[in-house]
Amino acid sequence: DAEAYHSGHLIGINGHTPFDISNFTKCDRIVLETGFGDEGRPGGADPFDIRDDVSWIRALLTINVPELQARAWWGFQQYSPQLVNWNIPDNFKSHVRLSAYWNPDQGRWMSGLSWKVPVATAVGTPIMEFSQKVVLTLNNSWVTFSGASDGIGDKTATVRVTVNDEPILSMDNEDVNLAGSVGSFDTKHWTLGAMLGEEVEIKVQVMPREAGTYKPQGFTIGSFGLQPVISGLPEDGELPVPDVPITSLKPLSFSLPGYTEMPPVGILKDEIPLRTGGVRITDGYVFPGEGEFVYQLMPNYNEFFMIVGREQTSNGSFGPCEILVDEEVVWTSKELFAGRDAMVDLDNKEEQPDGVFWQSAPSAFVRISIPSGHASLTIRNNGKQADIGFLGGAGFSSK
């Protein structure tokens, strides 16, 4: 928080004021601050030439890439935050270096790794590896990796995930394709919810397409990490338990395409359990598009919460959905995707309608307050009939 530069009064007639500051090696943050110009004006200055408005022009932070590349491996994690918490074997560290690329489409720098020299490769043997040992919880059982080739080198590669050295399929049943151009990411997701509570070793491996001795093409990294299989949960990853589960209540009404009676609890169909990201939903209902549940609100209800999302066996999407209190919308799934850029491939963003749970979006935990003096609460799915979601762990807390 020490002051590194102060411009004094900026006078418009003087044009722009260039400045630069160096030696940020021990700085955690840089703050650009604008102060009011109405006090302490220079003598004789035109009052209309000093305004309480400043435009920061070409505010750039330069990076000494060669210096970073020469540092120890810890610098990779420091300057490429996606790599934090991942371990890299020494034999791979020595072959690669940190790279930085400008992505004009997104207007930002991207970090990447590139090979220094040709390496001997064999099909089925990784040429780069990131690993973690973790105990799986609801908050870390969704693996995401997005990457693209940097175009520099001889041959492109793919990315797979293994758990305890056994390869697992992504939700698309394909590996990440490290091809394309810088920033044209291929994104894949792997769900590990079926192994909750287990200690596992997760490896994310870059795999060569061909055997031989050559310099693999480097790659830029987008999203990379362990994420919640159900978003919005408390930090401990535990699901809150409602005082009054909706599975213990008879709805005032319901409308579910294909159902004349309430569906069985925790079942998709034909004794197949409801699941999301591998997690079994034991206390919930199947929730098809154009469906809705309506429940009576009691005077002692002060909060409603639920898990909602796409049922994992569905090939389609789910939603958008909403919650209404006495026919007034108080929540919509569009609120969950205000920051959708972090969850989906930017190249496909225009194909992702607001508030829709696609395969790339985990299910969500939702909690809302219930205002007093109301009669009913409705949970409505405005999606297509053929799309199947679920409503789980839902219920009311009481005063």
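Computed from a prediction, not measured in an experiment: that's the story for all the values here.
Ring centroids of Phe304 and Phe396 are separated by less than 6.0 Å, placing the two rings close together. With ring centers used as reference points, Phe92 lies 6.0 Å or more from Phe130. You'll find the ring centres of Phe390 and Phe318 outside the 6.0 Å limit.
Residues meeting the salt bridge (Lys or Arg N to Asp or Glu O under 4.0 Å) test with Arg367, sequence neighbours left out: Glu303. Taking Thr247 as the reference, Asp283 meet the side-chain hydrogen bond (donor to acceptor under 3.5 Å, both in side chains) condition, with sequence neighbours excluded. For Ser255, there are no side-chain hydrogen bond (donor to acceptor under 3.5 Å, both in side chains) partners at least two apart in sequence or on another chain. Among residues two or more places apart in sequence or in another chain, the salt bridge (Lys or Arg N to Asp or Glu O under 4.0 Å) test is passed with Asp270 by none. By the side chain to side chain contact (heavy atoms under 4.5 Å, CB included) test, Ser248 pairs with Val244, Pro245, sequence neighbours left out. Among residues two or more places apart in sequence or in another chain, the side-chain hydrogen bond (donor to acceptor under 3.5 Å, both in side chains) test is passed with Glu210 by Lys155. Residues satisfying the side-chain hydrogen bond (donor to acceptor under 3.5 Å, both in side chains) criterion with Asp90, sequence neighbours excluded, are Lys93.
Sorted by first and then second residue, the ring pair (Phe, Tyr, Trp, His ring centres under 6.0 Å) pairs with a member in residues 158-180 form an empty list; sequence neighbours excluded. Screening residues 141-173 for ring pair (Phe, Tyr, Trp, His ring centres under 6.0 Å), with sequence neighbours left out, gives Trp142-His189, Phe145-Phe224. For residues 157-172, every residue pair satisfying the salt bridge (Lys or Arg N to Asp or Glu O under 4.0 Å) rule, not counting sequence neighbours, is listed here: Asp165-Lys203. Residue pairs meeting the salt bridge (Lys or Arg N to Asp or Glu O under 4.0 Å) criterion with at least one member in residues 233-256: none, sequence neighbours excluded.
A donor-acceptor pair under 3.5 Å links the side-chain atoms of Thr121 to the main chain of Gly212, judged by distance alone. With Gln296 contributing its side chain and Ala375 its backbone, the two residues share no donor-acceptor pair below 3.5 Å.
Connectivity analysis of hydrophobic side chains (ILVMFWY, heavy atoms under 4.5 Å, direct or indirect) links Leu324 to Val329.
Lys384 NZ: 12 or fewer foreign heavy atoms inside a 6.0 Å radius.
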